[in-house]
2 protein chains.
Amino acid sequence: MSRTELHDPDIALHSGCDGEIKRPPRERILNSASELFRTHGIGAVGVEIIAELANSNKMTLYRHFGSKEELLCACLRMHAEKTTEIWQSLEDRYPGDAAKQLRAWVEEVTDVVFSDNSACLLANVAVEQKDPNHGIHRIIADAKEAYRVKLTDLCRRAGVAEAEQLADALTLLFEGARIISQSAGPDGPHQKLKQSCLAMINAFSR
Amino acid sequence: MSRTELHDPDIALHSGCDGEIKRPPRERILNSASELFRTHGIGAVGVEIIAELANSNKMTLYRHFGSKEELLCACLRMHAEKTTEIWQSLEDRYPGDAAKQLRAWVEEVTDVVFSDNSACLLANVAVEQKDPNHGIHRIIADAKEAYRVKLTDLCRRAGVAEAEQLADALTLLFEGARIISQSAGPDGPHQKLKQSCLAMINAFSR
DNA sequence: ACATAATGTTACCCACCAGTAACAATCGCG
DNA sequence: CGCGATTGTTACTGGTGGGTAACATTATGT
């Protein structure tokens with residue numbers, strides 16, 4: 001079984017990693033690495049391809065990130081950071097109205113699942129890198145926990161008595177949709193994510 | 001980043017793949033491969049380790065399975081076949097009582113998530129092998145679809161009007177629990193799988 | 001016991017890839 | 001401009017792992 005099976009190598013050409021204004025190489029590399037890791041997995045992506053997609057080269061990559069692993073960690077941290085932006089965004093859109101924010105959250109995650117962004121980098125990395133003592137797992141677990149705290153808080157502010165239970169249930173639905181969208185066909189159970197979330201919220205709102 | 005990181009190589013010694021009665025090598029290899037693929041991923045497991053765990057050797061492996069990929073396919077097919085046994089088991093335990101069978105299903109999947117069997121081989125393989133034209137994806141998608149049909153049927157027989165919706169929601173919860181158990185710590189949201197399923201069933205049973 | 005097939009052992013080839021060394025080109029700022 | 005720092009290019013090493021060839025050993029059935 002060949003190890004490198006980037007089934008569409010065309011993606012390696014300009015994939016939004018080099019905007020009109022040339023961003024610094026480090027940033028470009030980080031972006032292309034994130035993209036490739038998420039869409040093709042870690043093992044299937046070589047550092048050379050990453051550098052190419054970033055319109056850079058292997059040496060520059062290694063000057064900024066000491067190893068493929070460090071690069072991966074940086075990707076995970078960036079990913080985790082980006083993820084937290086949603087809470088501020090929700091608050092901005094519906095200030096003080098947690099119930100509306102919770103509904104907006106459902107819309108957001110539904111959009112994610114239906115986008116080409118449905119695969120979760122953190123979860124996929126956890127699948128490929130099973131060694132639990134690995135530093136990577138700390139990053140992943142911390143990110144997931146932070147998300148959990150935030151979502152629970154949102155549920156509580158929305159007036160849900162069993163906020164932890166609802167938040168965890170919604171998380172399971174979301175994560176389930178993300179993973180099944182990768183294994184089932186395009187019409188798989190993840191199509192029912194939105195209705196499932198709403199049903200669950202309904203069940204916990206009284 | 002090293003490619004082979006079997007964090008506990010001890011597992012490579014007798015892991016239930018050689019019972020008191022010596023089963024044929026093909027079977028032993030299939031079992032050890034399934035186990036290793038599920039627990040360590042595909043890329044991280046070499047064929048040599050698989051053969052060793054099966055108390056066999058690389059040559060015998062290649063005589064039965066022409067390549068690592070064929071071996072993987074065989075594992076997936078076996079896994080899919082095993083999975084279908086649950087429906088007969090449920091019917092045997094509660095003949096004709098679909099409502100009880102559905103509750104028993106919840107117990108079953110909860111046990112799976114809390115066991116060391118929580119990772120789903122099919123889903124994990126889909127994560128690592130992203131090439132959609134790959135024959136592997138057909139096997140995976142078919143297995144997931146078969147499961148979906150069966151679970152939907154069970155929900156319908158249990159008197160649920162929106163059987164497809166409930167079945168898909170339950171699938172999302174189950175799959176979500178399996179994947180998050182690999183990325184979050186041991187006290188992650190997957191602990192709430194059972195309550196989430198029951199709440200969902202309840203919401204659809206009126 | 002004998003022949004045949006199945007299994008085990010060793011050694012090897014080859015491709016791929018993470019990571020490095022040395023040198024060339026280019027950028028940015030005074 | 002000029003000079004240091006950043007980036008680019010090429011070529012290489014070392015290790016790993018999929019897959020194979022040749023031969024040795026052990027089962028199986030008649």
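Predicted, not measured: the structure shown is a model, and the values here were computed from it.
Between A/M59 and A/E48, the one whose closest nucleotide on DNA chain C sits nearer the 5' end is A/E48.
In this structure, of C/dG19, D/dT20, D/dT7, it is C/dG19 that holds the atom nearest to the side chain of A/S67. The side chain of B/V47 lies closest to D/dG18 when the candidates are C/dG8, C/dC23, D/dG18. Picking from C/dG19, D/dG8, C/dG8 the nucleotide with the shortest atom distance to the side chain of A/Y62 gives C/dG19. Side-chain proximity of A/N57 to the nucleotides D/dG8, C/dG8, C/dG19 is greatest for D/dG8. Listed nucleotides: C/dT7, D/dT20, D/dT9. Nearest to the side chain of B/R63: C/dT7.
Considering only side-chain N and O atoms, A/H64 lies nowhere under 4.0 angstrom from the phosphate OP1 or OP2 of D/dT6. In terms of phosphate contacts, A/S56 brings a side-chain nitrogen or oxygen within less than 4.0 Å of OP1 or OP2 of D/dG8.
Look at CD on A/E27: it is 16 Å from C1' on D/dT6, rounded to the nearest Å. Atom CD in A/E52 sits about 13 Å away from atom P in C/dA18, given to the nearest Å.
Not one N or O on the side chain of A/R178 forms a donor-acceptor pair closer than 3.5 Å with the backbone of A/V113.
Note: B/F174 and B/Y147 have tilted aromatic rings, judged against thresholds of 30 and 60 degrees for the angle between ring planes.
You'll find a donor-acceptor pair under 3.5 Å spanning the side chain of A/K58 and the base of C/dG19, going by distance alone.
Using a 3.5 Å distance cut-off with no hydrogens or angles, the side chains of B/N57 and B/T60 do pair a donor with an acceptor.
Checked against the 6.0 Å centroid threshold, B/Y94 and B/W105 do not count as a close aromatic pair.
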